[in-house]
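This report refers to the structure that appears directly beneath it.
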Amino acid sequence: MLKSLPWQRLALPFALAAITTISACTKDESKDEPASSLEASSPQSETAERTLPPPKEMPTVEPITEPKLSDAEKAEVAELAKDLHTHIAVLASDEFEGRAPATKGEELTVNYLANAFKKLGLKPGATDAEGNPSWFQSVPVVEMQIDTTPLEIKGEGFEKSLDALTDMVAFTQRQTAESKLSDSPLVFVGYGIVAPENDWNDYAGLDMKGKTAVILVNDPGYATQDKNLFNGNAMTYYGRWNYKFEEAARQGAEGAIIIHEDGAAGYPWEVVSGSWSGAQISLAAENRNADRVAVESWMTTAAAKSLFDAAGLDFTAEMEAAKQRGFQPKPLNLTASIDLKNKVRTSDSRNVVAKVEGSKYPDEAVIYTAHWDHLGVGGHGEGEDHIYNGAVDNATGTAGLLAMARQVAKLPEAPQRSMIFVAVTAEESGLLGSKYYAENPVVPLEKTVAGINFDAMGVLGPMRDVIVVGYGNSELEQLLEKAAARQGRYLAPEDHPERGYFYRSDHFSLAKKGVPMLYFDSGTDSFEHGRAWAQKKAAEYGARAYHKPADEYDPQWNLEGAALDLALGLDLGLELANSRDWPNWYQGNEFRAARDKSADARR
């Protein structure tokens with residue numbers, strides 16, 4: 001804590017900031033609803049007054065060669081870095097088998113975390129089935145091993161078989177032994193968005209019953225670069241692939257296929273095929289997700305072009321038409337058939353919850369989150385190595401929870417408000433653990449002051465820049481900017497706001513419910529080596545190790561940069577825990593309405 005304050009699967013990391021700011025490693029919130037005011041049957045229908053700050057510009061800063069820290073602060077950063085090394089080495093070891101939920105790796109991981117929190121003197125933050133204090137919050141999940149046939153496309157004088165992994169991937173959220181499409185008519189629905197406040201409806205006039213939607217990824221703002229359309233270059237939730245599957249279901253579709261594009265998606269096809277090639281995990285649902293489409297799928301751009309050619313349509317021209325308001329969906333006069341056979345297994349995974357109880361306001365809390373899970377042991381490893389150790393993603397953030405907990409536990413006096421540390425499960429399967437926590441919080445969300453998420457922290461040493469993922473959302477950014485300046489650091493813009501990283505990690509589950517959440521990373525302006533060096537190293541990591549067995553612990557890592565970020569998080573958390581402040585989202589943010597709705601509980 002700085003003395004000056006009292007206090008994916010499908011998400012490819014920032015292309016140039018991957019190893020220092022590997023944000024949002026998840027396959028995303030695979031069955032999440034739209035956010036806050038977007039939680040109705042379709043997204044928000046009224047235009048909110050917008051007083052959001054403008055996009056962050058790169059500031060002009062005085063170059064310095066090292067962070068501005070007192071001797072005491074240097075000692076704290078060194079201790080945080082040492083703890084990180086200790087815990088990452090264990091969590092990312094081969095013994096932990098890639099930390100997949102519902103495996104031996106989970107047993108080792110959650111018990112290690114619980115024992116570590118206990119040794120630090122924290123208290124269990126959850127309760128068991130009998131209501132007794134527990135380190136574990138049980139998260140009921142369903143695992144499905146999906147065996148798929150090829151995707152068969154037929155039309156007049158046309159037949160084409162799309163193979164799994166190379167041409168397409170197919171899966172289902174329906175928790176049943178079989179799910180299929182049988183000669184389902186294909187309809188191109190542009191971006192698959194219904195956004196009344198933007199005067200946009202890609203399903204206008206359609207009856208999608210029994211049909212399969214063919215959908216472009218991202219949103220029209222990105223496609224046109226029109227700053228007045230949606231959110232311009234920065235992706236909105238409408239651009240997220242999971243929203244598109246959800247909207248297709250709301251429209252009554254039987255299936256949905258998203259056309260992959262590297263630039264618009266923010267990751268190559270290999271990330272898609274790798275993320276959906278093994279067992280799929282979802283939260284257990286009473287209706288077995290019968291309200292989802294039968295088959296959710298992606299296809300390559302090349303496969304999509306072949307279908308449009310068969311339909312007598314120019315793919316490029318149709319993409320251009322889909323960018324325009326008033327786009328009319330088009331039947332492709334083709335049908336799709338596919339059969340998914342599912343081996344369904346139910347089990348309980350676990351969030352690990354620890355707390356430091358507040359001395360004056362124990363029923364109010366600041367929360368820290370990080371996901372403990374990774375991809376386990378797979379059959380697509382490199383050479384003889386099939387263990388996806390997940391050292392950066394996210395043994396770093398999980399170890400960070402333990403490192404911060406040590407600093408809080410040794411304070412001479414407990415903070416006035418409680419501090420909750422939650423290591424969540426199944427982030428890589430769709431933010432499942434954090435979603436479950438958001439539905440079943442140990443401290444009511446209206447009394448949760450704010451939260452900070454740590455996901456895939458930097459291992460290249462201290463960086464001058466701090467990147468706020470999804471900048472322009474909440475008042476927490478103002479506190480962060482001041483604290484960063486005291487370290488001799490500055491807030492910098494995201495490299496790729498069009499990729500929607502804010503929607504891809506565990507903070508989003510709580511943000512949707514209105515809790516102000518902050519997600520920040522070190523950038524690529526190395527104190528020691530400069531920006532070009534850090535960008536090169538980051539790009540190397542993205543190509544070599546992200547979601548691959550090569551993401552392994554290296555004792556030579558310089559974790560002082562990650563420790564600086566943890567120190568920022570501690571400062572902000574303790575400042576809020578020792579205050580009566582209730583930060584909020586900026587006016588016009590999509591999560592503001594949910595927070596304001598519970599304002600009476602905080603008076």
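- Within 6.0 Å of the CD atom in Q225, the count of heavy atoms belonging to other residues, nucleotides or ligands exceeds 12.
- With values rounded to the nearest 0.5 angstrom, E475 atom CD is found 6.5 Å from Y586 atom OH.
- The shortest side-chain heavy-atom distance between D393 and H374 falls under the 4.5 Å cut-off.
- Nearest heavy atoms, L122 versus A354: CD2-CB, 3.8 Å.
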Test log, rule side-chain contact (heavy atoms from CB on, under 4.5 Å), inputs D455 and E427: CA-CA 10 Å; D455 194 349; E427 187 264 5; 3.4 Å; yes

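- The NE2 atom of H371 sits 10.5 Å away from atom OG of S429, with the distance rounded to the nearest 0.5 Å.
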Audit row: M235, R240, side-chain contact (heavy atoms from CB on, under 4.5 Å) steps and yes/no: CA-CA 8 Å; M235 182 189 287; R240 301 296 300 120; 3.3 Å; yes

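- Note that the CG atom of L480 and the CG atom of L518 stand 5.5 Å from one another [nearest 0.5 Å].
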D83/R406 under side-chain contact (heavy atoms from CB on, under 4.5 Å): CA gap, chis, key distance, verdict: CA-CA 9 Å; D83 280 349; R406 176 193 292 277; 2.7 Å; yes

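- The minimum heavy-atom distance linking V366 with A577 is given by the pair CG2-N, 4.1 Å.
- Residues passing the side chain to side chain contact (heavy atoms under 4.5 Å, CB included) test with R580, sequence neighbours excluded: Y361, E364, R417.
- In this structure D600 satisfies the salt bridge (charged side-chain N to carboxylate O under 4.0 Å, His left out) test together with R603, sequence neighbours excluded.
- The two residues L476 and L576 come nearest to each other via the heavy atoms CD2-CD1, 3.8 Å.
- A donor-acceptor contact shorter than 3.5 Å is absent between the side chain of E560 and the backbone of A81.
- In this view, W200 and F230 satisfy the ring pair (Phe, Tyr, Trp, His ring centres under 6.0 Å) rule, not counting sequence neighbours.
- Side-chain atoms of K244 come within 3.5 Å of backbone N or O of N218 as a donor-acceptor pair.
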Verdict with reasoning, E428 to H547, per side chain to side chain donor-acceptor pair (under 3.5 Å): CA-CA 10 Å; E428 300 288 3; H547 274 204; 3.2 Å; yes

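- For E552 (side chain) and A92 (main-chain N/O), no donor-acceptor pair under 3.5 Å exists by modelled atom type.
- Under a 3.5 Å cut-off, the side chain of E477 and the backbone N or O of N473 do form a donor-acceptor pair.
- Between H260 atom NE2 and W241 atom CH2 the span is 12.5 Å, to the nearest 0.5 Å.
- Relative to the six-membered ring of Y501, R504 meets both conditions, a distance below 6.0 Å and an angle of at most 45° to the axis.
- For the pair S434 and D506, the tightest heavy-atom approach, listed with the atom from each and the gap, is OG-OD1, 2.7 Å.
- Side chain of N389 to backbone of A391: no donor-acceptor contact under 3.5 angstrom is found.
- Using a 4.5 Å cut-off on side-chain heavy atoms (C-beta onward), P516 and R595 make contact.
- Pairs of residues two or more places apart, or lying in two chains, that qualify as ring pair (Phe, Tyr, Trp, His ring centres under 6.0 Å) and include a residue from residues 402-460 are Y368-F421, F454-F520.
- With respect to the salt-bridge test (charged N to carboxylate O, under 4.0 angstrom), the residues D373 and R99 do not qualify.
- At a threshold of 4.5 Å between non-hydrogen side-chain atoms, the residues L401 and V352 do not count as touching.
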Verdict with supporting geometry, N351 and T425, side chain to side chain donor-acceptor pair (under 3.5 Å): CA-CA 5 Å; N351 293 333; T425 183; 5.4 Å; no

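- Across every non-hydrogen atom of I452 and G569, the tightest pair is CD1-O, 3.6 Å.
- A heavy-atom distance below 4.5 Å is not found between the side chains of V466 and E481.
- Using a cut-off of 4.0 Å between Lys/Arg side-chain N and Asp/Glu carboxylate O, D465 and R489 are scored as not salt-bridged.
- In this structure, the side chain of D551 engages the main chain of V392 through a donor-acceptor pair within 3.5 Å.
- The side-chain heavy atoms of F591 and V515, taken from C-beta on, include no pair separated by under 4.5 Å.
- For the pair S505 (side chain) and H507 (backbone), a donor-acceptor distance under 3.5 Å is absent.
- Taking E357 as the reference, K123, K355, P362, S418 meet the side chain to side chain contact (heavy atoms under 4.5 Å, CB included) condition, with sequence neighbours excluded.
- Between V356 and I420, every side-chain heavy-atom pair lies at or beyond the 4.5 Å cut-off.
- With a 4.5 Å cut-off on side-chain heavy atoms, P462 and N558 count as touching.
- L113 places a side-chain heavy atom less than 4.5 Å from the side chain of W372.
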Evaluation steps, side-chain contact (heavy atoms from CB on, under 4.5 Å), between K537 and Y541: CA-CA 6 Å; K537 292 291 186 181; Y541 172 86; over 6 Å; no

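- Among residues two or more places apart in sequence or in another chain, the salt bridge (charged side-chain N to carboxylate O under 4.0 Å, His left out) test is passed with E79 by K410.
- Between A563 and L84, the closest heavy-atom pair is N-CD1, 4.0 Å.
- Interatomic distance, CG of N578 versus CG of L411, reported as 8.5 Å (0.5 Å rounding).
- To the nearest 0.5 angstrom, Y503 atom OH is 9.5 Å from Y237 atom OH.
- The main-chain N or O of P583 is never found under 3.5 Å from a side-chain atom of D581 such that the two would form a donor-acceptor pair.
- Side chain of R464 to backbone of S526: a donor-acceptor contact under 3.5 angstrom is found.
- Using a distance-only test at 3.5 Å, with no hydrogens or angles considered, no donor-acceptor pair links the side chain of T448 to the main chain of A450.
- The aromatic rings of F508 and F502 stand perpendicular to each other, their planes meeting at an angle above 60°, with 30° marking the opposite boundary.
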